[in-house]
Number of protein chains: 2
Amino acid sequence: MVTLKQLAKELNVSISTVSKALNNSEEIGEETVKRVKELAELYNYKPNKVALSLKQNKTKTIGVIIPDILNHFLAKVLFGVEREATKYGYNIITCISNESLEQEKESLRLLANGSVDGFILCLAEETQVKNEIEHFKKTISQGLPIVMFDRVAHDVLCDKVIVDDFDATYNATKSLLLEKRKNIVFISTLDGISVGKLRERGYRKAILETNTFEPLVLKIKKKDDQQKKIMSFFKKNTTIDGVIAADSSSGIIALNTGVKLGLKVPKNMSVIAYASKSDSFHTIPKLTTIRQHAKEIGANAAQLLINRLQNKSIEIDVKTKIVKTTLIKSKSTL
Amino acid sequence: MVTLKQLAKELNVSISTVSKALNNSEEIGEETVKRVKELAELYNYKPNKVALSLKQNKTKTIGVIIPDILNHFLAKVLFGVEREATKYGYNIITCISNESLEQEKESLRLLANGSVDGFILCLAEETQVKNEIEHFKKTISQGLPIVMFDRVAHDVLCDKVIVDDFDATYNATKSLLLEKRKNIVFISTLDGISVGKLRERGYRKAILETNTFEPLVLKIKKKDDQQKKIMSFFKKNTTIDGVIAADSSSGIIALNTGVKLGLKVPKNMSVIAYASKSDSFHTIPKLTTIRQHAKEIGANAAQLLINRLQNKSIEIDVKTKIVKTTLIKSKSTL
DNA sequence: GTGAAAGCGCTAACAA
DNA sequence: TTGTTAGCGCTTTCAC
């Protein structure tokens, strides 16, 4: 990479003259500016990012820590963050915590050495289970702002972007009840994490309000064979006529299993799942989905962080933004 | 963040003494080392990454440019890269080209300012269609090594990690022929990119060798309704008894559509798709898949790059690593 | 209109 | 054993 020094030497001027010329300073003579710019162009000069970061004490880089990149929702949020950040000239350093508290701490620690100006993150499952938050507080007290999304720690004072999990699941369940469904099951693989609990509660509230049947919950562990679990559950519970799935995989498999067992969907059984558009194509009939607008969540998180980074005025108040889900009716419901 | 300067001041020693003490230099007295380390611990001192990067002229950061983070295969590769890079103390800056040549160029340009030590990338579709490679050559000539994976530009001299697409598809097709399938269709959404073409060729070769029926190819565009396309294709071609899908979505939808139309899978029709394990659960019966070992591809790419970065000896020879796919037989084939 | 010098945080050669 | 100095690439203040 060419440096100012090299340009200066070749042009027989000082480094500061070159710097000023390239930054369109008024001080420098027209002729000089022209000469400098031409040579810079020729050598494809670009200001060294690292030097700038050191000088200005900011990196224009955001650390993003997510529990699992293979989770479609989280990948989509990352996409939203990246796109929004790029707009404002920020880069993204991505770390994957693998749902592990230790890795989450380590990533935070490693990047809190001047590598990034702030963090956007989604809590690891283990972090939520153990309810550890000290590492977040420490990071923030070091002057690195954090924005949490989806799975957040309410006891940490920072900006947050969340989903209306409770309401959305409540409303989805209600909509099945309106279809006169009499035996709706809630299927979930998200037992450990906050959003999973919220979704279950939303479901339970809707069911309990009807006063006609008891909540019925099927929890599936990561290591289980999801297909077998759901199949044997359906065989045991033959009167199931509705499914609320907390994750896309459960929804897709539940629908396919119902069809396999001879149920007509949505005539005999309705299915609603938290899932994305592309997931909804993986069943016939197409899946009715609760969309979380992951890209928007990412974009919002990025905006909140960048705002905080660029606001010189010390804003003390933290914001929590709720990105509302949308129930997209398709062919798996009446 | 605390700096050496602040520690030095508080300890009444010079900056270099502090630096040496923290780096376990033999030069410094035991007592001093102890005092320094204690204070550093107390203040949670961490060497400023940016300053180190500037000093050592390397960032220990890798730029990763991928066309689409929502593509499960690419996300998984990114995961592999991240994990391997982390092992060696490297960070990952992720850029998403959105299959656009312009964005790919821009990302390369933006990071080639000292932000990263090298690149790992997968070509955007547009880049492959237009066959542009100048930006890669320029980057390499600036001293930034590139490792390409999956979709690569053969005319660029750099390390590469690829998949045995041609052979894998040829073999998969062969295996359906061994099942005495008489009318096998190749379904793909990957028309523009190199791997899509390779897969189609592998299929064609296997079919043409049999000399019993003509290759039959269904190409689906991004904007098409994949379900409708496949459904109407199946209705028109009622003798289809085998499917080779170049992508997971096509495979899943083809299988589900076959079942919907009353075909027994695998009795009346076999399906094989390029897909991951989790995809294979989205059909009943479970999908037979060609696994690409995406994580390994990522890990290999990271290794190749880090090797090159750390090898002081100017290695001129470039390597191309082929990560072989595996055909995982499941219930959608005989 | 141009240049010298300081400083961002750090390391390392050299001096004391 | 400890300190001084230079330098990584850049911006910016202050002299000329």
Side-chain angles (χ1 to χ4, degrees), chain A residues 1-37 39-40 43-61 89 110-117 142-144, chain B residues 1-37 39-40 43-61 89 110-117 142-144:
Chain A
M1 281 193 39
V2 208
T3 63
L4 289 184
K5 204 183 188 177
Q6 289 161 33
L7 294 179
K9 192 173 168 197
E10 191 150 341
L11 290 163
N12 270 316
V13 294
S14 75
I15 295 178
S16 52
T17 302
V18 179
S19 171
K20 286 171 187 166
L22 290 174
N23 289 304
N24 297 312
S25 162
E26 299 293 323
E27 300 177 26
I28 307 297
E30 219 177 287
E31 176 61 21
T32 314
V33 170
K34 189 157 163 278
R35 281 177 59 223
V36 170
K37 288 201 168 173
L39 197 70
Y43 285 160
N44 193 26
Y45 168 82
K46 284 188 225 84
N48 183 304
K49 176 85 178 299
V50 175
L52 282 177
S53 296
L54 184 62
K55 182 84 184 148
Q56 299 169 351
N57 195 28
K58 52 183 184 182
T59 59
K60 292 274 258 174
T61 302
L110 280 176
L111 294 184
N113 61 357
S115 293
V116 302
D117 295 340
Q142 282 174 19
L144 290 169
Chain B
M1 281 192 39
V2 209
T3 63
L4 289 184
K5 204 181 187 178
Q6 290 161 36
L7 294 179
K9 192 173 169 196
E10 192 150 339
L11 290 162
N12 269 316
V13 294
S14 76
I15 294 179
S16 56
T17 302
V18 179
S19 171
K20 286 171 188 166
L22 290 174
N23 289 306
N24 298 311
S25 162
E26 299 294 320
E27 302 176 20
I28 306 296
E30 220 176 285
E31 175 60 22
T32 315
V33 169
K34 188 156 164 282
R35 281 177 60 224
V36 170
K37 287 201 169 173
L39 197 71
Y43 284 160
N44 191 26
Y45 169 80
K46 284 188 226 84
N48 184 304
K49 176 84 178 300
V50 175
L52 282 178
S53 296
L54 183 61
K55 181 82 183 147
Q56 301 168 350
N57 197 26
K58 53 183 180 184
T59 59
K60 293 272 259 174
T61 302
L110 280 177
L111 294 184
N113 62 356
S115 293
V116 301
D117 296 339
Q142 281 174 19
L144 290 168

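In what follows, chains are A, B, ... by sequence order, proteins preceding strands, each numbered from 1.
No engagement by B:Val50 is indicated, since no non-hydrogen atom pair under 4.0 Å with the nucleic acid exists. As judged by a 4.0 angstrom heavy-atom cut-off over every strand, A:Leu54 is placed among the base-contacting residues.
Side-chain contact between B:Asn48 and B:Thr3 is absent, with no heavy atoms from C-beta onward closer than 4.5 Å.
Side chain of A:Ser19 to main chain of A:Ile15: no donor-acceptor pair is present (N/O by atom type, distance under 3.5 Å, no hydrogens or angles). In this structure a side-chain-to-backbone donor-acceptor pair under 3.5 Å is missing from B:Asn23 to B:Ser25. B:Asn113 contributes a side-chain N or O that, together with a main-chain N or O of B:Ser115, makes up a donor-acceptor pair within less than 3.5 Å.
If you measure from atom CG of A:Leu4 to atom C1' of C:dA4, you get 15 Å, rounded to the nearest angstrom. Rounded to whole angstrom, the span from the CG atom of A:Leu52 across to the C1' atom of C:dG9 amounts to 15 Å. Per the geometry, CD belonging to B:Gln56 stands 13 Å off P belonging to D:dG9, to the nearest Å. Separating the CG atom of A:Leu7 from the C1' atom of D:dC10 is a distance of 13 Å, rounded to the nearest angstrom. As rounded to whole Å, 10 Å separates atom P of C:dG9 from atom CD1 of B:Ile15. The distance from atom CG of B:Leu11 to atom P of D:dT2 is 12 Å, rounded to the nearest whole Å. We find that NZ of A:Lys49 is positioned 14 Å from P of D:dC10, with the value rounded to whole Å.
Phosphate proximity of C:dG7 to B:Lys5: absent, as no side-chain N or O sits under 4.0 Å from OP1 or OP2. At C:dT2, one or more side-chain N or O atoms of A:Thr32 fall inside 4.0 Å of OP1 or OP2 (strictly under the cut-off). Residue A:Thr17 has no polar side-chain atom (N or O) positioned under 4.0 Å from OP1 or OP2 of C:dG1.
Sorted by residue number, the members of residues 20-28 of chain A with any non-hydrogen atom under 4.0 Å from DNA chain D read A:Lys20, A:Asn23.
The closest side-chain donor-acceptor pair between B:Gln6 and B:Tyr43, if any, does not fall under 3.5 angstrom.
Closest-nucleotide positions on DNA chain D for B:Asn57 and B:Ser14 were compared, and the one nearer the 5' end corresponds to B:Ser14. For B:Lys46 and A:Asn12, each mapped to the nucleotide of DNA chain C holding its nearest heavy atom, the one lying further toward the 5' end belongs to A:Asn12. With DNA chain D read from its 5' end, the first of the two nearest nucleotides for B:Lys55 and B:Ser16 is the one closest to B:Ser16.
Nearest heavy-atom pair, A:Lys49 versus A:Thr61, reported as atom, atom and distance to 0.1 Å: NZ-OG1, 3.9 Å.
Taking the screw axis at each terminus of the helix from C:dG1-D:dC16 to C:dA16-D:dT1 from five consecutive base pairs, the angle between the two is 60° to within rounding of 10 degrees.
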